[in-house]
Amino acid sequence: MTDTLFLTSSDVDTLATPAEYVAAVRDGYRQRGEGAPAQPRSKFLREDPAGMFTAYAAILPDTGAMGGYMYSAGFGAADGWFMTPLFDAESGAPLALLDGASMNPFKTGAVGAVGVDELARDDADTLAIIGSGAQARGQLHATATVREFTDVRVYSPTPENREAFASDFDDALEADVRAVDSNTAAVTGADVVITATQASEPVVDGDDLEPGTHVTAMGQYSSDKRELDAETIARATYVPDLRDRATVDAGSFIQALEEGAITEDHVHAELGDVVAGTEPGRTSDDELTVFDSGGTGIETVAAAYLLYERASERGLGQTIEFAPASEALTGN
């Protein structure tokens, strides 16, 4: 038998700062750029009751951990459930099982921040956020640790939501954070644009993006939905989290491909290639760059191991037991 740590969302809720999530996730993508295994998600849909079940995984050899996410959304409960198994990458033994809900916006925000840090101009100080939900909050928490923004504009369709978002972050950040009344008002003149929506059609018009802008799109991972239009993808130096994902569920890329605006070789590099220094990121101040983030096991394992270490140091969580196959796989 082996002892495995079970951690609830409340156990890990305040164990790491946004900057610490960013550092762990950056190192995870550095490992990916040096050959660490990771693949795009597997996604399964059911119509009655309507729901999605999805999973993805990665091995981070230098971290010494492997694992990923399995989660459901919708179905009869009309809710989401996030389960994160974490294994030792040397022995293979299960280290921990995390309720991954509370860490989700922070680990997803962290990879968005790594994309901004690698691809946005160094002097970027104006940020536009399209979306005002939990994922948008995670993106801003993390991205504010990699650039010194002075002006942050947020737009989402519901006025109360965008006003509440702006009010919360205006108090928390040194930047001036304000709600605006349209996508165009948010994006015009922005150095960095983050989309964190559930939109099916583009929420950014490529005509509104000035040369030198960086865009992080993280809200969609479905071939028939997109946050960015074909013009934006075609103009941009395009960097996905995983190269293979670009033609699997990166809707903005896939629909630009179908419209003939690009070809499959439009993928510049994976984020890990840029972090590891094997491929360049931004090469000029007037370059338009896009980071397409659909979610991978890389940031999940990196963040989960960070939380596992912190929880172990503080004596948090409960111990559960797993039997190895050599003992339990008997057929008796």
Side-chain angles (χ1 to χ4, degrees), residues 17-23 25-26 29 105-106 108-133 135-156 161-197 203-219 227-228 232 235-239 268 271 274-275 280-293:
T17 67
E20 290 167 335
Y21 276 105
V22 171
V25 169
R26 185 193 310 278
Y29 273 88
F106 295 97
T108 307
V111 67
V114 173
V116 169
D117 203 25
E118 294 292 337
L119 297 170
R121 299 194 323 269
D122 290 340
D123 64 353
D125 62 6
T126 302
L127 172 64
I129 298 182
I130 311 299
S132 60
Q135 296 295 350
R137 288 174 177 269
Q139 292 292 321
L140 182 50
H141 278 302
T143 303
T145 72
V146 300
R147 288 294 185 276
E148 294 184 4
F149 294 108
T150 59
D151 182 14
V152 178
R153 313 156 189 167
V154 58
Y155 172 75
S156 66
N161 292 347
R162 64 186 187 240
E163 292 287 352
F165 182 103
S167 177
D168 290 346
F169 280 99
D170 196 43
D171 292 339
L173 301 179
E174 292 186 10
D176 176 24
V177 184
R178 55 197 172 90
V180 295
D181 60 7
S182 70
N183 293 356
T184 300
V187 168
T188 301
D191 302 316
V192 175
V193 176
I194 295 173
T195 61
T197 76
V203 296
V204 171
D205 185 334
D207 290 337
D208 294 332
L209 298 174
E210 297 181 5
T213 304
H214 169 72
V215 181
T216 288
M218 60 73 52
E227 294 181 302
L228 307 181
T232 299
R235 285 177 54 198
T237 298
Y238 176 83
V239 177
H268 169 69
L271 179 62
V274 178
V275 174
R282 172 179 292 275
T283 57
S284 69
D285 283 347
D286 61 358
E287 187 176 0
L288 178 65
T289 56
V290 165
F291 172 50
D292 193 334
S293 173

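Numbers for residues simply follow the sequence, beginning at 1. The structure presented is a predicted model; accordingly, all values stated were derived computationally and were not measured.
- Put simply, the side chain of Q135 never gets that close to the backbone of M218: no donor and acceptor are under 3.5 Å apart.
- Minimum heavy-atom separation, A128 to A190: CB-CB, 3.9 Å.
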request  = Take L140 and I194 through the side-chain contact (heavy atoms from CB on, under 4.5 Å) test and state the conclusion after the steps.
outcome  = CA-CA 9 Å; L140 182 50; I194 295 173; over 6 Å; no

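- Taking all atoms of both residues into account, the shortest heavy-atom contact from A136 to I129 is CB-CG2, 4.0 Å.
- To the nearest 0.5 Å, atom CG of residue D151 and atom OG1 of residue T126 are 5.0 Å apart.
- The closest side-chain heavy-atom distance from V204 to E227 is not below 4.5 Å.
- Under the 4.5 Å side-chain criterion, counting only non-hydrogen atoms from C-beta, V114 is in contact with V22.
- Note that CG of L173 and OG1 of T145 are 10.5 Å apart. Values are rounded to the nearest 0.5 Å.
- Among residues two or more places apart in sequence or in another chain, the ring pair (Phe, Tyr, Trp, His ring centres under 6.0 Å) test is passed with Y155 by none.
- Side-chain atoms of V239 and E118, non-hydrogen and from C-beta on, never get closer than 4.5 Å to each other.
- A heavy-atom distance below 4.5 Å is not found between the side chains of L119 and T216.
- By the side-chain hydrogen bond (donor to acceptor under 3.5 Å, both in side chains) test, N183 pairs with no residue at all, sequence neighbours left out.
- Of all heavy-atom pairs spanning S132 and V154, the tightest one is CB-CG2, 4.4 Å.
- Residues in residues 162-173 take part in these side chain to side chain donor-acceptor pair (under 3.5 Å) pairs, two or more places apart or across chains: R137-D168.
- Panel note: side chain R153, backbone T188; a donor-acceptor pair is recorded below 3.5 Å.
- The side-chain hydrogen bond (donor to acceptor under 3.5 Å, both in side chains) test applied to T237 returns E287, not counting sequence neighbours.
- Remark: T108 pairs with no residue by the side-chain hydrogen bond (donor to acceptor under 3.5 Å, both in side chains) rule, at least two apart or across chains.
- A175 and V152 get closest at one heavy-atom pair: CB-CG2, 3.9 Å.
- Formation of a donor-acceptor pair under 3.5 Å by the R147 side chain with backbone atoms of V192 is not found in this model.
- For the residue pair A142 and A110, the shortest heavy atom distance occurs at CB-N, 3.7 Å.
- A side-chain donor-acceptor contact under 3.5 Å links R235 to the backbone of G206.
- Considering only heavy atoms from C-beta on, E174 stays 4.5 Å or farther from E148 through its side chain.
- Partners of F169 according to the ring pair (Phe, Tyr, Trp, His ring centres under 6.0 Å) rule, which considers only residues two or more places apart in sequence or in another chain, are H141, F165.
- Listed for the R121 side chain is a donor-acceptor partner under 3.5 Å among the backbone atoms of G212.
- Between D285 atom CG and D122 atom CG the span is 8.0 Å, to the nearest 0.5 Å.
- With V193 as reference, T213 is the one residue of T213, L228, T232 to meet the side-chain contact (heavy atoms from CB on, under 4.5 Å) rule.
- The closest donor-acceptor contact from the side chain of D191 to the backbone of D125 lies under 3.5 Å.
- In this structure, H268 contributes its side chain and P280 its backbone to a donor-acceptor pair below 3.5 Å.
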inquiry  = Evaluate D205 against T184 for side-chain contact (heavy atoms from CB on, under 4.5 Å), listing each step before the verdict.
reply    = CA-CA 8 Å; D205 185 334; T184 300; 5.8 Å; no

task = Go through V111 and F291 one step at a time and tell me if the side-chain contact (heavy atoms from CB on, under 4.5 Å) criterion holds.
result = CA-CA 10 Å; V111 67; F291 172 50; 3.9 Å; yes

